[in-house]
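Just so it is clear, the structure is predicted and the values come from calculations on it, not from any experiment.
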Amino acid sequence: MNRILNTVWLSISLILGIIIGTVFIIVYEKYTFRPFEWKNDPTIVNCYGKDLDEINIVAAVRYWTLKGHDFLPTELNPAPSFCEKEYTDGFIILRKKDLPYNTLGTTRRRTFMNKIVSAEVHFAPGTYRIDNVFEHELGHALGYGHVEIDGHIMHPLWEKMTSKFWIPE
């Protein structure tokens, strides 16, 4: 009986620990402008397809390079087998995806020990061409969160976003 009780308490403690840890991470990401950074400079890989022009990738990379970020050379024509993989360490993978209405793009990061190890940027078809959308999503891939400052590149609403970037106080 004592053994069963210990197992139950251990299970409850484990579940509570996971819940508390998850809430902490969500709150930390929400209220920290740049909660994560890359362990090493990432390589951008175009798994979106030939529709995504090199010029759009170069412009977005240049935007963040001028802000002090470094990238390894971009892979424009990866092997199809590479693009079938999900989350590959050291890479920011660009993908085409049907997204919910009103969503121009989304970015997911995979982290380990407070460092970004990989990211995926998903664009609704053609939305990477809309002013500032590519740069905004690449900002997420670099570790930046949203800020509710009108005119900031990381504003969550496209209508209130411009190409301006600064570190909020």
Side-chain angles (χ1 to χ4, degrees), residues 9-48 56-75 78 82-97 99-100 103-124 127-128 132-158 160-169:
W9 280 115
L10 182 63
S11 298
I12 290 171
S13 298
L14 180 65
I15 291 168
L16 281 174
I18 290 170
I19 291 170
I20 291 169
T22 301
V23 168
F24 175 78
I25 290 169
I26 290 168
V27 169
Y28 178 71
E29 269 196 74
K30 182 170 176 61
Y31 293 103
T32 305
F33 180 56
R34 188 162 189 218
F36 305 108
E37 295 182 24
W38 279 84
K39 181 178 179 181
N40 299 307
D41 296 339
T43 297
I44 296 175
V45 180
N46 179 12
C47 290
Y48 184 96
N56 295 102
I57 297 172
V58 169
V61 168
R62 184 174 187 277
Y63 178 89
W64 287 107
T65 300
L66 292 173
K67 308 290 186 251
H69 293 277
D70 293 315
F71 301 87
L72 296 176
T74 301
E75 177 58 52
F82 180 89
C83 291
E84 292 170 4
K85 298 177 186 176
E86 192 175 1
Y87 289 116
T88 302
D89 289 0
F91 294 92
I92 297 173
I93 301 173
L94 308 174
R95 298 186 189 278
K96 184 187 302 184
K97 187 171 186 179
L99 297 171
T103 302
L104 302 174
T106 62
T107 301
R108 297 182 307 173
R109 298 180 296 249
R110 193 169 58 94
T111 60
F112 180 73
M113 302 295 288
N114 240 19
K115 296 290 182 185
I116 303 170
V117 293
S118 65
E120 285 191 0
V121 178
H122 297 262
F123 294 107
T127 59
Y128 63 85
N132 304 314
V133 171
F134 200 136
E135 290 82 358
H136 175 91
E137 293 304 329
L138 195 53
H140 286 311
L142 292 171
Y144 295 103
H146 285 140
V147 291
E148 299 277 341
I149 300 172
D150 288 358
H152 199 286
I153 191 75
M154 296 310 297
H155 196 287
L157 298 175
W158 176 80
K160 296 186 176 193
M161 181 190 312
T162 69
S163 63
K164 293 185 172 54
F165 175 83
W166 64 94
I167 305 294
E169 295 179 16

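- Residues passing the ring pair (Phe, Tyr, Trp, His ring centres under 6.0 Å) test with F112: none are found, sequence neighbours excluded.
- The neighbour count for K39 NZ, taken as heavy atoms of other residues, nucleotides or ligands under 6.0 Å away, does not exceed 12.
- Between Y128 and H136, the distance from one ring center to the other does not fall under 6.0 angstrom.
- Here NE2 of H122 is found 12.0 Å from OG1 of T127. Values are rounded to the nearest 0.5 Å.
- Residues L10 and L14 have side chains not in contact (no heavy-atom distance under 4.5 Å, counting atoms from C-beta outward).
- The distance from the CG atom of N132 to the CE atom of M154 is 11.0 Å, given to the nearest 0.5 Å.
- Not counting sequence neighbours, the partners of T162 by the side-chain contact (heavy atoms from CB on, under 4.5 Å) test are K164.
- At least one side-chain heavy atom of I44 sits less than 4.5 Å from a side-chain heavy atom of L138.
- R108 places a side-chain heavy atom less than 4.5 Å from the side chain of E86.
- For the pair F91 and P42, the minimum side-chain heavy-atom distance is 4.5 Å or more.
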Which atom pairs, one a donor and one an acceptor, fall under 3.5 Å between side chains of residues 57-68 and the rest of the protein, sequence neighbours left out?
residue, atom, partner, partner atom, Å
Y63, OH, S163, O, 2.7
W64, NE1, E135, O, 2.8
T65, OG1, V61, O, 2.7

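- Using a 4.5 Å heavy-atom threshold, the side chains of T43 and F71 count as separate.
- Residue L94 holds its CG atom at 6.0 Å from CG of N46, rounded to the nearest 0.5 Å.
- In this structure the side chain of I92 reaches within 4.5 angstrom of the side chain of V121, judged on heavy atoms.
- K115 is not listed as a side-chain neighbour of F36, based on a closest heavy-atom distance of 4.5 Å or more.
- Here the straight-line distance linking atom SG of C47 with atom CD of E75 works out to 9.0 Å at 0.5 Å rounding.
- Put simply, the residue from H152, H155, H140 that forms a ring-ring contact (aromatic ring centres under 6.0 Å, His included) with H146 is H140.
- Contact of the E148 side chain with the P156 side chain is registered, since non-hydrogen atoms from C-beta on lie closer than 4.5 Å.
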